[in-house]
Amino acid sequence: MSSLLSHNKDQPRIRKSLSDSCPASSTAAAKSLRHERLSRLGSSGSSDVSNDTSTNHAESYFLRRENRLSARKKAEEETMNNDYKKMYEKALATNQRLKSRLETSKQELTMIQDQLQRAQTGTSSDCGSNLLEAEKKESWSLKKRISDMEEQLKVKAELKTENQRLKDENGALIRVITKLSK
């Protein structure tokens, strides 16, 4: 950290850091608080020279402290931003995986429905009792499988809406974080 020493006959030496001369994150409340602290420190001294020196030390201490706090706050914001990005990417990956599973389930469902229709149309033409019972068992198992798949589709649809909701929330959070970081 480079520093400058200002020399003036009317003023004592004041050490100012280049990065401390204009802190970006200081607010009016922080400035008034610092001014109040400095005025308390200035009123408690015994001589003007010691007051100015203690004021300078106190001022430089508070400026360094503010810079450290602002740097820490920026680092925390960056980590939070990265966490939201990771969560968003994870939600996207989950969404894609669920979409592919939904698509394969839909294909299986249509294939089973076709098999069921073929089995039902085939029973009217066959008259054998053993063949009829086997077809009934097959159609019953296919109906059961279809109902299971329909339930799975309902669950997947709910998961899809939940993923979309999470995706929207993540987008909103990212927008809020970018506004806060500005």
Side-chain angles (χ1 to χ4, degrees), residues 1 17-20 22-34 61-182:
M1 179 188 288
S17 168
L18 288 177
S19 62
D20 294 343
C22 183
S25 65
S26 66
T27 62
K31 286 181 181 179
S32 66
L33 187 66
R34 185 179 55 203
Y61 168 76
F62 288 118
L63 288 175
R64 286 192 313 267
R65 184 172 184 265
E66 285 178 13
N67 285 336
R68 280 194 314 267
L69 291 175
S70 67
R72 186 180 300 154
K73 187 175 182 179
K74 285 180 184 178
E76 287 175 359
E77 286 177 0
E78 287 176 5
T79 15
M80 287 183 65
N81 195 12
N82 289 339
D83 289 344
Y84 285 115
K85 284 181 182 178
K86 288 177 185 175
M87 288 171 48
Y88 178 71
E89 291 169 357
K90 186 177 178 182
L92 281 178
T94 305
N95 196 12
Q96 290 297 328
R97 182 177 46 83
L98 289 174
K99 281 181 182 180
S100 65
R101 284 178 57 192
L102 179 66
E103 199 61 39
T104 57
S105 296
K106 282 181 180 180
Q107 290 172 356
E108 286 179 10
L109 180 64
T110 55
M111 189 171 65
I112 291 172
Q113 284 176 341
D114 289 341
Q115 288 177 355
L116 180 63
Q117 281 182 341
R118 278 188 257 130
Q120 286 176 348
T121 56
T123 57
S124 62
S125 64
D126 291 336
C127 295
S129 63
N130 288 338
L131 190 56
L132 188 60
E133 280 185 37
E135 288 178 359
K136 283 182 181 180
K137 287 180 182 179
E138 185 180 340
S139 68
W140 180 79
S141 66
L142 288 175
K143 285 180 184 179
K144 184 177 177 184
R145 194 169 172 194
I146 288 173
S147 65
D148 290 342
M149 287 191 166
E150 286 174 346
E151 288 177 25
Q152 287 178 355
L153 281 175
K154 288 178 185 176
V155 169
K156 287 179 182 179
E158 290 172 3
L159 288 173
K160 187 175 181 181
T161 56
E162 180 70 16
N163 270 346
Q164 185 61 38
R165 185 185 64 79
L166 288 172
K167 192 177 183 181
D168 294 340
E169 279 184 22
N170 283 339
L173 287 172
I174 288 171
R175 286 191 298 275
V176 167
I177 288 172
T178 54
K179 285 182 182 178
L180 288 175
S181 64
K182 289 181 183 180

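Residue numbers run from 1 in the order of the sequence given. Every heavy atom of this structure was used, including side-chain atoms; hydrogens, water molecules and symmetry mates were not.
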query = Will you find, in the side chains of Asp148 and Gln152, an N or O donor that is under 3.5 Å from an N or O acceptor?
reply = no
message = Between Lys144 and Trp140, does the side-chain contact (heavy atoms from CB on, under 4.5 Å) criterion hold? Intermediate values first, please.
response = CA-CA 6 Å; Lys144 184 177 177 184; Trp140 180 79; 4.2 Å; yes
inquiry  = Run Lys160 and Gln164 through side-chain contact (heavy atoms from CB on, under 4.5 Å) and show every step you take.
reply    = CA-CA 6 Å; Lys160 187 175 181 181; Gln164 185 61 38; 5.9 Å; no
message = With side-chain contact (heavy atoms from CB on, under 4.5 Å) as the criterion, how do Lys167 and Asn163 come out once you've worked through the C-alpha distance, each side chain's angles and the decisive distance to 0.1 Å?
response = CA-CA 6 Å; Lys167 192 177 183 181; Asn163 270 346; over 6 Å; no
side-chain contact (heavy atoms from CB on, under 4.5 Å) assessment of Leu153 paired with Met149 = CA-CA 6 Å; Leu153 281 175; Met149 287 191 166; 5.6 Å; no
note = Rounded to the nearest 0.5 angstrom, the CD-NZ distance for Glu78 and Lys74 is 9.0 Å
message = Just verifying a value: how many Å separate Asn170 CG and Lys86 NZ, rounded to the nearest 0.5 Å?
response = 14.0 Å
Contacts table for residues 92-104: side-chain donor-acceptor under 3.5 angstrom, sequence neighbours left out:
{"from": "Thr94", "atom 1": "OG1", "to": "Lys90", "atom 2": "O", "distance (Å)": "2.9"}
{"from": "Ser100", "atom 1": "OG", "to": "Arg97", "atom 2": "O", "distance (Å)": "2.7"}
{"from": "Thr104", "atom 1": "OG1", "to": "Ser100", "atom 2": "O", "distance (Å)": "3.4"}
{"from": "Thr104", "atom 1": "OG1", "to": "Arg101", "atom 2": "O", "distance (Å)": "2.8"}

Which atom of Lys156 lies closest to which atom of Ser105, heavy atoms considered = NZ-OG, 2.6 Å
ask   = Between Leu116 and Lys143, is any pair of side-chain heavy atoms under 4.5 Å apart?
value = yes
remark   = Distance col, row Asp168:CG vs Leu173:CG, nearest 0.5 angstrom, shows 11.0 Å
query = Is any side-chain N of the basic residue among Glu162 and Arg165 closer than 4.0 Å to the acidic one's carboxylate O?
reply = yes
key: Candidate list Gln115, Lys137, Gln113, test side chain to side chain contact (heavy atoms under 4.5 Å, CB included), partner Leu142, passing option   = Gln115
ask   = Can you tell me how far the OH atom of Tyr84 sits from the CD atom of Glu169, to the nearest 0.5 Å?
value = 10.0 Å
